[in-house]
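Computed from a prediction, not measured in an experiment: that's the story for all the values here.
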Amino acid sequence: METQLFANFATNPTNSYYLHPNKNPSIIFVTPLLDHKNYQTWCRSMKVALISKNKLKFVDGTLHLPTVSDPLHELWIFCNNMLLSWIQRSILGTIVKSIMWCDRAAVVWKCLEQRFAHDDIFRIADLLEEITFYQQGLTNYF
């Protein structure tokens, strides 16, 4: 099946290895860029963009690097590097520095999740608390 994928990657947009000719490493996939406060919304936007390009398998780790002897090996590396570029261009420069030397999109994705997902949970809890106080008419909270 992988060999069949290799045969039609250039023309079949449903193939995970397919890249449209106008896709390039300088594309900014989503805005606003990932910062220290917007991981959940950024992640959701990135997932939607990646699904629309049939590339989520590269970041969720389900499309593994083929062996060196596999004809898809070089193509996987090419697509993975394109994704690394898209991810790097969709996050703040200060964060990019921390993932610059990761060579797999799935590793970068996991690192960003581990680093930022918990911060949003605390922010969400703070916002819910503020909403509760606001609804109870306790304006002195702010």
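- Residues L65 and H73 are in side-chain contact: their nearest non-hydrogen atoms beyond the backbone lie under 4.5 Å apart.
- Sequence neighbours left out, the pairs with a member in residues 25-35 that pass side chain to side chain donor-acceptor pair (under 3.5 Å) are N24-S26.
- Listed by first and then second residue, the salt bridge (Lys or Arg N to Asp or Glu O under 4.0 Å) pairs involving residues 100-113 are K110-E113 (not counting sequence neighbours).
- Considering only heavy atoms from C-beta on, L56 comes within 4.5 Å of I51 through its side chain.
- In summary, the aromatic rings of W42 and W109 are positioned with their centroids under 6.0 Å apart.
- A continuous path of Ile, Leu, Val, Met, Phe, Trp and Tyr side chains, each step under 4.5 Å between heavy atoms, connects L83 with I27, placing both in one hydrophobic cluster.
- T14 is linked by a side-chain hydrogen bond (donor to acceptor under 3.5 Å, both in side chains) to N12, counting only residues two or more places apart in sequence or in another chain.
- Side-chain atoms of W76 do not come within 3.5 Å of backbone N or O of F58 as any donor-acceptor pair.
- Contact annotation: the side chain of L19 approaches that of C79 to within less than 4.5 Å [non-hydrogen atoms, C-beta and beyond].
- Taking CG of L72 as the start and OH of Y17 as the end, the distance is 4.5 Å to the nearest 0.5 Å.
- For P32, the side chain to side chain contact (heavy atoms under 4.5 Å, CB included) partners two or more places apart in sequence, or in a different chain, are N38.
- In terms of the side chain to side chain contact (heavy atoms under 4.5 Å, CB included) criterion, residue partners of S45 (sequence neighbours excluded) are, by chain and number, V30.
- The hydrophobic cluster containing L50 also contains I28, counting ILVMFWY residues as joined when their side-chain heavy atoms lie under 4.5 angstrom apart, directly or transitively.
- Note that OG of S16 and CG of L63 are 5.5 Å apart. Values are rounded to the nearest 0.5 Å.
- For the pair N81 (side chain) and I77 (backbone), a donor-acceptor distance under 3.5 Å is present.
- By the rule that hydrophobic residues join a cluster once side-chain heavy atoms approach within less than 4.5 Å of another member, V108 and W101 end up as members of one cluster.
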Without placing hydrogens or testing angles, list every side-chain donor-acceptor pair under 3.5 Å for residues 93-100, not counting sequence neighbours.
{"unit_1": "S98", "atom_1": "OG", "unit_2": "I95", "atom_2": "O", "d": "2.6"}
{"unit_1": "S98", "atom_1": "OG", "unit_2": "R115", "atom_2": "NH1", "d": "2.6"}

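- Of the inter-residue distances, the one linking F29 atom CZ with I91 atom CD1 reads 14.0 Å to the nearest 0.5 angstrom.
- Listed by first then second residue, pairs satisfying salt bridge (Lys or Arg N to Asp or Glu O under 4.0 Å) with a partner in residues 46-57 number zero, not counting sequence neighbours.
- Taken together through direct or relayed side-chain contacts under 4.5 Å among Ile, Leu, Val, Met, Phe, Trp and Tyr, F116 and L92 form part of one hydrophobic cluster.
- Looking at S90 and M46, their side chains come closer than 4.5 Å, going by heavy atoms from C-beta outward.
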(message) Test side chain to side chain contact (heavy atoms under 4.5 Å, CB included) on Y18 and N54; report intermediate values, then the result.
(response) CA-CA 8 Å; Y18 173 80; N54 200 19; over 6 Å; no
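- Summarising the geometry of N80 relative to A105, their closest heavy-atom pair is OD1-N, 2.8 Å, with the distance given to 0.1 Å.
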